[in-house]
Structure formats: structure tokens, C-alpha cells
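Every chain is numbered from 1 and lettered A, B, ... according to where its sequence line falls, protein lines coming before strand lines.
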Amino acid sequence: MANRVQIPTNNSALIAMIADEDTVTGFLLAGVGNVDLRRNTNYLIVDSKTTVKAIEDAFKEFTTREDIAIVLISQYVANMIRFLVDSYNKAVPAILEIPSKDHPYDPAHDSVLSRVRYLFSSESVSSGRR
Amino acid sequence: MGTTAAAGTEGRGEAVGEEDGAILQLLDSLDGYISLMGSLSSSLRQGWLELSSARHSMGNSRISSVLFDMKPHSSATTVDLTVSTASDADQATQPHFSLLKWGSRGDEKSPSVEVDGKTPSQASSSTIYPAVAADNQVRKKRSKALSMFGALVPPKLRVAQGSFETSLEAIIEIANTRSTILSALGRLQTVDLRS
């Protein structure tokens, strides 16, 4: 491995959540909840009444805030905004797709694994052409 | 001409070696990622079950998002983010995440402190030592998180809190593995472009 210069940009950052009520409740019990002076929270509870636009807006907000290091999103919610999630390519905040009570984790839909599959499929195509 | 051909072969060999290294790192990380996702699913399932149990004993209205604390407050559990910058410009920065559960790293050893020139064993029993004080702080923060559902909460809710704390640890490992995967993908793409 090449020499790496460690720049200790020590920042205490938040974990944001876009998930169902039980998942958000659980993580709030674990101390993850944050409410700022404008009463903006670091989570969005998704239920049957939550619109896709609201989810998109929350995703865009959480991925552009500098005080958020990780965004947890239930995979079934990520599927509603799949284009947005798959086109996100920054290292921070890290977008992690997590299972929910009614929707178990499916590796086939995970955006990180999809990126790997795409790389290997394009590599196999290009090696076939050589 | 022989020297140029040898140099070209050596360069291609290096690229193949680099590619192999990146592929191995990627495959290892993928295996770790999927395994960690399995652990996360397991701890989350446990947490949801315990939460449902607590809701059953307290009543649906007693554990609800309506009761969430909406007063301005800081998160007690945060993430410490460090970014390593490679000296080689081809390699991307790789973030590293650490969990600060209830404001403490958890793996830090509390230093033994001399109080008023006395060692901890010699000092008076009424003196609060850093380790004990830290434990008390963590206990207070845990209780505060539970208190949004009332002063008296069932044991199942406390257990659920523990399960979700375990899930957070898995999440941090997944985040770090994700960083490694993306870094390996970046290296592979760079090697591919060069060749």
C-alpha cells in the first residue's frame, strides 16, 4: 500500500435516518436523535402517508449537510428513490441501506453491490471484445 | 529495442499486480459487507421484537413518535470521522468512521488519576474517579433517552435499547467496509484506465 498521510479531521458527526417508525424509535433510544434550534431533526419517519417528494427532499438535505456522516435508509424506502440513491457517489456521508421489519435486506438492490456488479459486467464485456 | 520491450513488460506486470491486489481487497470487503449485513439484520430483528414487546406491555400510545423529544438537543451518540489522504494522487481519500456511543469511544481506557497527590486507593471514598464518573454519565444519557417514554419503562424497552446500540456498532463496521469497497473500486477503475 502507498504511504498514506493521516489527516485527523476529527469531526463529531451525526447519523441521519430515513426509515419506518420502529427503526427510528430504536435508534433514538440508542441516542442518535438530534434536534437543532430550528427544530430540524436528523431523521424522517416514513409511513404510508409520506410522499416520494418528501423522501427525496430529506435524502437531498441529509446528503448535503456537513454535520452528517452516515445516512441510514430502509432499503424499501431507498427503492422508492432508487435513481437518486444509485446516482449518489460521495464517500461522505455514507449511505447505508438497512432492512426494515416487513422488508428484509436484499443484496440485489443494494447500490454499493450494484456498482460492483456493473464494474464486473463491463469488465467482462470489454475483455470479451479484446 | 530489447530494453524498451522489457520495460513495457515490467510496467504491464506491475499493473496486473496492482489490479490483482485491488480485486482481492474488493472481494474480501464484499464478503465482510454481506456478512455484516446479516449481523445487522439479526440485531435489528431482535430490537424490533423487544420494542413490540415493550409496546404490548405499555400500550401503543405510550411508545409512539408523538412522544419524541422535539426540544432542541444534541445527539448523545455520534460518529467520529477521520479521513486518510493518500500521498499517491491516484488513490482516493478513504474516510474512517468510529462510534462515540453516549459520547465515549468505549474502547478508551480511563487513565488512573492521582487525586490531591493520593493514588485512587488512598483517596477518600467520596471522590468520584474519572472511570466511575464516565459510567455515571453514560447511565444518565441512557436514562434520558428512555425517559421520553415515561419515568418508568419496562425492562423490554431497556433491552431493545441495548439491541439498537449493538446495531449501531454493526452499522459503523458496515460504513468502514463500504469505504474500503469504494476505494478498491476506484483503484480498479484507475488501473483499468491506465491499461
Side-chain angles (χ1 to χ4, degrees), chain A residues 1-15 21-39 41-43 45 47 67-70 72 89-101 104-105 107 110 112-113 115-116 119-120 122-123 126, chain B residues 26 30 33-34 37 40-41 44 47-48 51-52 63-65 68-88 91-95 97 100-102 141-142 145-146 148 157 160-161 163-165 167-168 171-172 174-175 178-179 181-182 185 188-189 192:
Chain A
M1 194 183 279
N3 290 332
R4 285 178 171 264
V5 175
Q6 289 281 347
I7 296 177
T9 54
N10 286 334
N11 290 312
S12 200
L14 303 174
I15 299 173
E21 185 175 330
D22 275 6
T23 305
V24 171
T25 302
F27 284 121
L28 291 191
L29 284 174
V32 157
N34 188 85
V35 181
D36 67 13
L37 292 170
R38 291 181 207 167
R39 300 188 84 182
T41 59
N42 61 328
Y43 55 86
I45 296 173
D47 57 21
D67 60 343
I68 290 175
I70 296 175
L72 302 178
N89 57 7
K90 290 188 220 164
V92 177
I95 309 298
L96 303 182
E97 296 180 35
I98 60 172
S100 63
K101 267 194 327 190
Y105 174 72
D110 189 299
V112 172
L113 300 182
R115 227 177 284 186
V116 175
L119 175 75
F120 281 110
S122 60
E123 279 216 358
S126 59
Chain B
L26 180 64
L30 283 172
Y33 187 85
I34 291 169
M37 276 297 185
L40 175 65
S41 297
L44 281 175
W48 291 321
L51 199 57
S52 299
I63 300 182
S64 156
S65 57
F68 288 173
D69 184 4
M70 292 309 289
K71 291 196 293 285
H73 65 275
S74 301
S75 171
T77 296
T78 54
V79 173
D80 191 30
L81 177 64
T82 51
V83 178
S84 62
T85 305
S87 54
D88 181 353
Q91 296 193 23
T93 56
Q94 187 171 332
F97 305 89
L100 294 174
K101 213 161 50 163
W102 307 111
K141 286 175 183 175
R142 275 206 175 99
L146 287 165
M148 65 178 161
L157 197 64
Q161 185 181 49
S163 295
F164 280 98
E165 286 180 33
S167 300
L168 278 179
I171 278 162
I172 295 302
I174 291 168
R178 174 187 178 272
S179 290
I181 291 170
L182 294 180
L185 274 177
L188 272 175
Q189 281 162 348
D192 204 33

Is chain A contacted by the side chain of [X], its backbone, both, or neither, given a heavy-atom distance below 4.5 Å?
X	result
B/L146	both
B/L26	side chain
B/S163	neither

Mind listing the closest non-hydrogen atom pair of [X] and [Y] along with its distance?
X	Y	value
A/V24	B/F68	CG1-CE1, 4.0 Å
B/A175	A/I70	CB-CD1, 3.9 Å
A/S12	B/L100	OG-CD1, 3.8 Å
B/Q189	A/L119	CG-CD1, 3.8 Å
B/M70	A/R39	CB-NH2, 3.2 Å
B/F97	A/A69	CE2-O, 3.4 Å

So, do A/F27 and B/I171 sit near enough that their side-chain heavy atoms are less than 4.5 Å apart? yes
Checked A/L37, A/L28, A/I98, A/T41 vs chain B; the most non-hydrogen pairs under 4.5 Å come from A/L28
Quick check on the interface: out of A/N42, A/I45, A/T25, A/I68, who has the most heavy-atom pairs with chain B under 4.5 Å? A/T25
Where on A/D110 is there a heavy atom nearer than 4.5 Å to chain B: the side chain, the backbone, both, or neither?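 For A/D110, side-chain heavy atoms alone lie under 4.5 Å from chain B.
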